[in-house]
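Values below: all heavy atoms of this structure, side chains included; hydrogens, waters and symmetry mates excluded.
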Amino acid sequence: EASRNLEKRIVVVAGPPGAGKTLVGLRMAHDPQLQKLIPDSLGTPLYLTGNGPLVDVLVESLARDEVRRMGSSKPIAKSNAEAKIRLIHGITEKKLGIESNVIIFDEGQRIWTAEHMRRKKGDSSLGSEAEEVLSYLEKRNWALVVVLLGEGQEINTGEAGLPEWFSA
C-alpha cells in the first residue's frame with residue numbers, strides 16, 4: 001500500500017523476547033515472494049539494528065544458507081548478506097545513504113536519542129537514530145519502516161524506545 005499510494009508508513013511489530021520478531025523481519029527482508037512486491041529499481045529491503053553481535057550472527061547464518069541452497073562461494077554469499085543486514089552505527093557514523101524504500105529496524109526499543117548520538121559520535125548535527133533513518137527516507141516518494149520492538153527491553157543509557165520513533 002505504501003508503494004502503491006506513494007505514502008510513508010511506520011509499522012511496529014512488538015512482543016516479548018523470543019516471540020519471533022527477528023524472524024518476521026528477516027522474512028520480510030529476504031523472502032523471495034515478498035521481494036517480488038518491490039520493483040528491482042528500488043533495491044532490496046535493508047535490515048538494520050544497533051546490535052553488532054546480532055549482525056554478525058545473521059550475516060554468517062544467511063551466508064551459510066546461501067552457500068547451501070545456491071552453491072555460492074562463501075565470500076560472495078557473505079558479501080550478499082552484508083549488503084542486506086547492516087549495523088545502524090555504520091550508517092550514522094559514515095553518513096552513508098540508505099538505498100532502499102523499505103527498512104526493517106530490529107531492536108527498535110534500543111534506538112539512541114539525539115543527545116546520546118551527539119555525545120557518542122562527537123557530532124552536534126546528529127539527531128536520534130530514528131531521526132537519522134527517517135531523514136534518509138524522507139527524500140523518497142514512498143517508504144516503509146518496520147520497527148521490531150522488544151517490550152521493556154531498553155537496557156542502556158540513551159535508549160529511548162517507541163517514544164523516540166513517535167517523536168522522530
Side-chain angles (χ1 to χ4, degrees), residues 1-31 34-35 37-38 42-59 82-168:
E1 285 182 14
S3 171
R4 196 171 35 248
N5 298 329
L6 299 179
E7 298 172 339
K8 294 179 175 92
R9 293 188 177 192
I10 297 177
V11 174
V12 177
V13 177
K21 300 176 299 292
T22 297
L23 186 58
V24 167
L26 287 171
R27 179 145 189 258
M28 290 183 73
H30 301 287
D31 185 280
L34 295 174
Q35 297 271 329
L37 298 174
I38 301 171
L42 299 179
T44 187
L46 180 58
Y47 186 98
L48 293 173
T49 183
N51 183 333
L54 177 62
V55 170
D56 294 342
V57 167
L58 293 176
V59 165
E82 287 172 339
K84 295 178 181 180
I85 298 178
R86 308 223 335 251
L87 190 62
I88 182 63
H89 309 308
I91 289 171
T92 57
E93 287 172 7
K94 297 174 184 149
K95 296 289 186 180
L96 299 173
I98 294 173
E99 301 302 325
S100 179
N101 290 51
V102 179
I103 302 296
I104 295 103
F105 198 104
D106 200 354
E107 298 206 21
Q109 76 278 1
R110 299 190 63 200
I111 200 88
W112 285 359
T113 64
E115 178 184 323
H116 193 70
M117 285 278 288
R118 291 171 185 155
R119 189 174 67 252
K120 291 288 275 187
K121 307 299 176 197
D123 182 347
S124 63
S125 70
L126 290 173
S128 71
E129 286 179 326
E131 289 171 323
E132 293 294 319
V133 167
L134 296 178
S135 72
Y136 285 117
L137 295 174
E138 193 60 35
K139 300 169 189 141
R140 305 228 173 249
N141 60 353
W142 71 271
L144 174 65
V145 177
V146 179
V147 179
L148 307 175
L149 190 84
E151 298 166 346
Q153 295 179 42
E154 301 85 357
I155 60 173
N156 295 314
T157 302
E159 295 176 351
L162 190 56
E164 189 64 39
W165 286 102
F166 287 144
S167 174

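Considering every non-hydrogen atom in both Leu54 and Glu107, the closest pair reads CD2-OE2, 4.1 Å. For Glu164 against Thr113, the heavy-atom pair with the smallest separation is OE1-CG2, 3.9 Å. Closest of all the heavy-atom pairs between Ala168 and Ala130 is CB-CB, 3.7 Å.
One N or O on the side chain of Glu132 and one on the backbone of Gly127 form a donor-acceptor pair closer than 3.5 Å. Distance alone, capped at 3.5 Å, places no donor-acceptor pair between the Lys84 side chain and the Ala29 backbone. In terms of modelled atom types and a separation under 3.5 Å, the side chain of Thr49 and the main chain of Asp106 share a donor-acceptor contact. Listed for the Lys21 side chain is no donor-acceptor partner under 3.5 Å among the backbone atoms of Val147. Looking at Glu129, its side chain does come within 3.5 Å of a backbone N or O of Trp112 through a donor-acceptor pair.
Here His116 contributes atom NE2 and Lys121 contributes atom NZ; the two are 8.0 Å apart, rounded to the nearest 0.5 Å. Considering OG of Ser128 and CZ of Arg118, their distance stands at 9.0 Å, rounded to 0.5 Å. Atoms CD1 and CE, on Ile104 and Met28 in that order, are 5.5 Å from each other to the nearest 0.5 Å.
You'll find the side chain of Tyr47 reaches within 4.5 Å of the side chain of Leu58, heavy atoms only. Within the 4.5 Å cutoff, no side-chain heavy atoms of Ile88 are placed close to those of Ile111. In this structure the side chain of Leu134 never reaches within 4.5 angstrom of the side chain of Glu138, judged on heavy atoms.
Residues passing the ring-ring contact (aromatic ring centres under 6.0 Å, His included) test with Trp165 are Phe105, sequence neighbours excluded.
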Donor-acceptor pairs under 3.5 Å, side chain of residues 5-14 to any protein atom, not counting sequence neighbours: which ones?
from : atom 1 : to     : atom 2 : distance (Å)
Asn5 : ND2    : Glu1   : O      : 3.4
Glu7 : OE1    : Arg9   : NE     : 2.8
Glu7 : OE1    : Arg9   : NH2    : 2.6
Lys8 : NZ     : Arg140 : O      : 2.8
Arg9 : NH1    : Glu1   : OE1    : 3.0
Arg9 : NH2    : Glu1   : OE1    : 3.2

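For the side chain to side chain contact (heavy atoms under 4.5 Å, CB included) with Asn101, the lone residue among Leu137, Asn141, Leu46, Val145 that qualifies is Asn141.
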